[in-house]
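Side chains included, hydrogens not; waters and symmetry mates left out as well; all remaining heavy atoms used.
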Amino acid sequence: MDIDVLGELAVRENGVSVTPTAPKPRQVLALLALHADRVVPVASLTEELWGQRPPRSARTTLQTYVLQLRELISAALVHDTPPDTPPATPPGTPPGTVAGSGHGTVRGGRRSAKDVLVTSPGGYLLNTSGGTSDVRTFELLAGQGYRAMDAGDFAGAARQLREALALWTGSALAGVQSGVLLEMHARRLEETRLCALDQRIEADLRLGRHRELLGELTVLVSRYRTHENLHGQFMLALHRSGRRSEALEVYQRLRAALVRELGLEPSAALRRLQRSILMAHPEPQLEPAPRTGERLSRAG
């Protein structure tokens, strides 16, 4: 099973879409996909679908949604590996185990929908059988990029982080009706995207790609009006491109937005950067910010 959530929700089994169009089953699948290969408790699914006031029929209705998802999975499993040509399994694998599956065994050949969307004590589990997940790939590539940054390999960091960010095709879980849990996960994923984007831009700045960043940063500071680190990076890129007055204007616009929307003054690090540009120091530096924390809390 292949899962994409960094944009439109797309879940495929054997290359065939099993993503429902109905809003509620789509919600259920989204939460299961975010926790692929882990049990999602019935209580969590119920809270996502109905909040703190579920109907009396909540459990029965949830079972109906699961049945609808299994019907889609069953149709996709028609394309599964036939029983007489079992997939290759590593040496020592117990007989009857599905290749790539970490959850139980399937005997007698072809899998059923219940082997993919598994009923477990207290909840349900989406068994990917070793398939792909864009979130897992993103986290792997971003982690490699962060380690490259820490090691001073800015070219490697920029490459890995650019590859990670390319997995995003839109807002996380676009097109999914979100309850409290999916909304929380979408916000968390957006923060991880912003963190990777911040570090990729930082790597590009370290590589001297100031002019190449101007167009991208113009769009980003318009979208994130109170995101301090993006504004600081824009100020640096402008200043190092010989556009000192515009860099100072960016600071003033950010300050006005912070005061107006959050009642805050720019951070000490950003004020020092502004003073450095004002005094026309040739190579001011933006102080490194933590990968989570203040700058994300001021993202607008």
Start with the C-alpha distance between L197 and E216, add both sets of side-chain angles, then the distance that settles side-chain contact (heavy atoms from CB on, under 4.5 Å), and finish with yes or no. CA-CA 11 Å; L197 181 62; E216 180 182 14; 3.6 Å; yes
Would L165 and R162 count as a side-chain contact (heavy atoms from CB on, under 4.5 Å) if you check the C-alpha gap in whole Å, the side-chain angles of each, and the deciding distance to 0.1 Å? CA-CA 5 Å; L165 290 163; R162 189 170 283 107; 5.8 Å; no
As a quick check of understanding, evaluate side-chain contact (heavy atoms from CB on, under 4.5 Å) for R70 and T119, giving each step before the final call. CA-CA 11 Å; R70 283 177 173 158; T119 301; 2.7 Å; yes
Distance in Å, L230 CG paired with R223 CZ, rounded so as to fall on 0.5 Å steps: 10.5 Å
Pairing of E8 and R26 as salt bridge, 4.0 angstrom limit: yes
Shortest non-hydrogen contact between N14 and A76, atoms and distance: ND2-O, 3.3 Å
Taking the side chain as every heavy atom from C-beta outward, state whether F138 and L189 have any pair of such atoms under 4.5 Å apart. no
When rounded to the nearest 0.5 angstrom, what distance separates CZ in R260 from CG in L262? 10.0 Å
If I compare all heavy atoms of A157 with all of G145, which pair ends up nearest, and what's the gap? CB-O, 3.4 Å
For T218 and V221, the nearest pair of non-hydrogen atoms, with its separation, is O-CG2, 3.5 Å
Side chain of K24, backbone of Y65: donor and acceptor closer than 3.5 Å? no
Nearest-0.5 Å distance, CG of residue L77 to CG of residue D115: 8.5 Å
Side-chain heavy-atom pair M1, V11 within 4.5 angstrom cut-off: yes
Salt bridge check, R147 against D153: does any charged N sit closer than 4.0 Å to a carboxylate O? no
Do V16 and L9 sit in the same hydrophobic cluster, where Ile, Leu, Val, Met, Phe, Trp and Tyr count as joined when their side-chain heavy atoms come under 4.5 Å apart? no
Closest heavy-atom pair and its distance - R209, A158: NH1-CB, 3.9 Å
Kindly indicate whether the side chain of H185, heavy atoms from C-beta on, has any atom under 4.5 Å from the side chain of L31. yes
Any side-chain heavy atom of L45 within less than 4.5 Å of one from V28? yes
Any link between L278 and Y251 through a network of hydrophobic side chains (Ile, Leu, Val, Met, Phe, Trp, Tyr) touching at under 4.5 Å? yes
For R255, I'd like to know if atom CZ has over 12 heavy atoms of other residues, nucleotides or ligands within 6.0 Å. no
Are any of the side-chain heavy atoms of H239 and H210 separated by less than 4.5 Å? no
Do we see a donor-acceptor contact under 3.5 Å between the side chains of T137 and D134? no
Mind listing the side-chain donor-acceptor pairs of residues 52-59 below 3.5 Å, one per line with the distance, residues two or more places apart or on another chain?
from: Q52; atom 1: NE2; to: E47; atom 2: OE2; distance (Å): 3.3

Nearest heavy-atom approach of G232 to L273 is O-CD2, 3.6 Å
ILVMFWY network linking L67 to V40, side-chain heavy atoms under 4.5 angstrom: no
Hey, what do you get for CZ (R243) to CZ (F234), rounding to the nearest 0.5 Å? 7.0 Å
Treating Ile, Leu, Val, Met, Phe, Trp and Tyr as nodes and any side-chain heavy-atom pair under 4.5 angstrom as an edge, say whether V259 and L254 lie in one connected cluster. no
Please examine the side chains of R111 and S129, heavy atoms only from C-beta on, and report whether any two atoms are closer than 4.5 Å. yes
Taking it one step at a time, do R225 and R253 satisfy side-chain contact (heavy atoms from CB on, under 4.5 Å)? CA-CA 9 Å; R225 296 185 305 274; R253 287 198 299 271; over 6 Å; no
Looking only at non-hydrogen atoms, find the nearest pair between L32 and Y124 and report the distance. CD2-O, 3.7 Å
Counting only pairs under 3.5 Å, give me each side-chain donor-acceptor contact of residues 167-184, with atom names and distances, residues two or more places apart or in other chains.
from: T169; atom 1: OG1; to: L6; atom 2: O; distance (Å): 3.2
from: Q177; atom 1: NE2; to: Q27; atom 2: OE1; distance (Å): 3.3
from: S178; atom 1: OG; to: V176; atom 2: O; distance (Å): 3.3

Atom OG1 of T19 and atom CG of L72: how far apart are they, to the nearest 0.5 Å? 8.5 Å
Is there a donor-acceptor contact under 3.5 Å from the side chain of Q233 to the main chain of L217? no
E191/R188 under salt bridge (Lys or Arg N to Asp or Glu O under 4.0 Å): CA gap, chis, key distance, verdict: CA-CA 5 Å; E191 285 203 356; R188 178 187 65 81; over 6 Å; no
Is the shortest distance from a Lys or Arg side-chain nitrogen in R136 or E139 to a carboxylate oxygen in the other one below 4.0 Å? no
L214 side chain reached by S241 side chain, heavy atoms, under 4.5 Å: yes
Output the distance between atom CD1 (I3) and atom OG1 (T132), rounded to the nearest 0.5 Å. 8.0 Å
